[in-house]
Protein chains: 2
Amino acid sequence: MLSTKDKIKYVAFKLFLEKGYEATNIREICNEVGIKPSSLYFYFKSKEELFFSIYDEVWGDKIRFIENVEELKKNISPDVKLYSVFKNTVEYCSKDICRQKFLLRYHLFPPEELIKVLRDKFKYWVDRENLIIANLVRDCIEKKILGSRISVADFLKDYNKFTTFQIIEMIISNIKLSSTEINNLWLKFWSSNYS
Amino acid sequence: MLSTKDKIKYVAFKLFLEKGYEATNIREICNEVGIKPSSLYFYFKSKEELFFSIYDEVWGDKIRFIENVEELKKNISPDVKLYSVFKNTVEYCSKDICRQKFLLRYHLFPPEELIKVLRDKFKYWVDRENLIIANLVRDCIEKKILGSRISVADFLKDYNKFTTFQIIEMIISNIKLSSTEINNLWLKFWSSNYS
DNA sequence: GTCTATAAGAGGATAGAC
DNA sequence: GTCTATCCTCTTATAGAC
């Protein structure tokens with residue numbers, strides 16, 4: 001059973017995703033939760049605070065999941081780790097497309113009143129994700145798995161474009177990828193650029 | 001010099017794109033145009049009518065442009081026509097990324113009050129675009145340029161995915177593609193799927 | 001065509017009782 | 001913690017003068 005606070009966040013997430021921040025109003029959230037608006041303000045001091053508590057949770061869950069991918073701790077080749085991170089990321093996203101759609105919505109079309117804070121937060125979380133990838137790429141270069149001509153920044157750009165598009169495709173077509181398909185995608189990405 | 005009606009549409013387009021339908025209010029549009037809200041209602045009977053007059057114009061301009069691609073009237077091979085349509089579409093989109101971003105915004109995240117009408121209108125315009133492509137693909141199959149195993153519906157799906165992603169990439173990275181890059185993209189698409 | 005004035009309602013947020 | 005009651009502002013839209 002969810003606490004009142006969690007119920008509010010659950011309902012608000014759904015509405016912020018489907019209707020957007022501006023079009024979602026406190027009264028509607030409260031109606032669905034079964035409380036009065038004044039009760040919501042006991043848990044969150046404003047609509048904006050409620051929104052960011054959800055936004056940070058969604059990003060936080062995703063990044064912590066990636067940081068804790070098991071293979072990262074094993075004593076294996078960095079390119080295998082890279083593949084594991086990609087695979088786990090895509091699988092994680094495909095398990096809960098709604099959350100990725102939420103992140104995409106507020107990345108592509110941030111509400112004016114939130115735009116500055118959103119930009120900062122977005123940068124913080126993406127940097128944290130990029131750190132993992134960048135370290136693995138540097139490892140690959142050090143161990144001569146990738147040529148020393150390869151720029152880490154360019155790799156990151158390609159990698160992010162690649163994953164972003166996989167996620168957008170899942171959102172638009174609403175189709176989950178199988179393990180084999182994910183593997184094939186990775187092979188295509190890796191072989192066409194880095195071997 | 002723009003007429004008052006066109007000024008309203010110009011300002012409203014900008015705000016509907018940047019702030020979204022719900023967050024854009026009549027007062028702000030009118031302030032920027034330099035009229036009073038009551039004057040706007042002389043030209044458009046509601047905010048919704050104003051929105052759809054813009055939405056239909058953006059789609060209409062795009063589809064009519066594609067329908068009037070010169071090569072379509074020439075006596076040339078259908079696969080060359082197909083390439084021309086692709087090239088012209090991408091060039092058209094890259095010339096005015098804002099309009100494509102507008103269409104993407106209301107496709108991915110339609111405001112609740114407009115969702116039904118938007119769905120119908122979207123289907124109408126996409127069907128009209130698909131008709132052009134489908135006819136060319138059928139021509140290709142008839143003239144044995146494409147194998148008879150190829151399903152027109154599948155080709156359309158691939159083609160639409162391909163163009164949608166080019167457009168999204170232009171929106172996200174804000175980079176216009178050169179003629180050579182467009183050509184290379186097409187070769188990659190065509191050769192990897194249909195030869 | 002454009003204005004002033006205003007209706008009618010929805011929005012976020014708060015005060016204070018229980 | 002949750003409620004009732006309410007404040008104040010913003011919103012779309014209309015009536016009617018010029």
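Letters A, B, ... mirror the listed sequences (proteins, then strands); counts begin at 1.
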Is it true that, when you exclude A:K123 itself, more than 12 heavy atoms of the residues, nucleotides or ligands shown sit nearer than 6.0 Å to its NZ?
no
Applying side chain to side chain contact (heavy atoms under 4.5 Å, CB included) to A:Y83 and not counting sequence neighbours gives A:K87, A:N183, A:W186
Point to revise | Backbone of A:T24 reached by a side-chain donor or acceptor of A:K47 within 3.5 Å | key: yes
Atom CZ of B:F44 and atom P of D:dT12 are separated, to the nearest Å, by 15 Å
Within the structure, does a side-chain N or O atom of B:S39 lie under 4.0 Å from either OP1 or OP2 of C:dG1? no
Separation of D:dG1 atom C1' from A:K7 atom NZ, nearest Å, is 13 Å
The correct set of residues in residues 14-25 of chain A placing a heavy atom under 4.0 Å from DNA chain C is A:T24, A:N25
From NZ of B:K36 across to P of D:dT12 the rounded distance in Å is 16 Å
Across all chains, not counting sequence neighbours, the side chain to side chain contact (heavy atoms under 4.5 Å, CB included) partners of B:E181 are B:L177, B:S178
To the nearest angstrom, the CD-P distance between A:E28 and C:dG9 comes to 19 Å
Q | Distance under 6.0 Å and angle within 45° of ring axis: B:K121 vs B:F52 | A | yes
In whole angstroms, the gap separating P of D:dT11 from CD1 of B:I29 amounts to 11 Å
With sequence neighbours left out, the residues meeting ring-ring contact (aromatic ring centres under 6.0 Å, His included) with B:F165 are A:F165
Whether B:K19 and A:E22 form a salt bridge (side-chain N of Lys/Arg under 4.0 Å from carboxylate O of Asp/Glu) is what I want to check. no
Axial cation check for A:Y92 ring with A:K62, 6.0 Å and 45° limits
no
Between CZ of B:F42 and C1' of C:dC3 the distance, given in whole Å, is 13 Å
Separation of D:dG1 atom P from A:I35 atom CD1, nearest Å, is 13 Å
Here the distance between atom P of D:dC10 and atom CG of B:N31, to the nearest Å, is 13 Å
The contact string for nucleotides 13-18 of chain C, one letter per nucleotide 5' to 3', using protein heavy atoms under 4.0 Å with B, S and - for base, sugar-phosphate only and none, comes out as BBB---
Applied to residues 22-45 of chain A, the ring pair (Phe, Tyr, Trp, His ring centres under 6.0 Å) test, sequence neighbours excluded, yields none
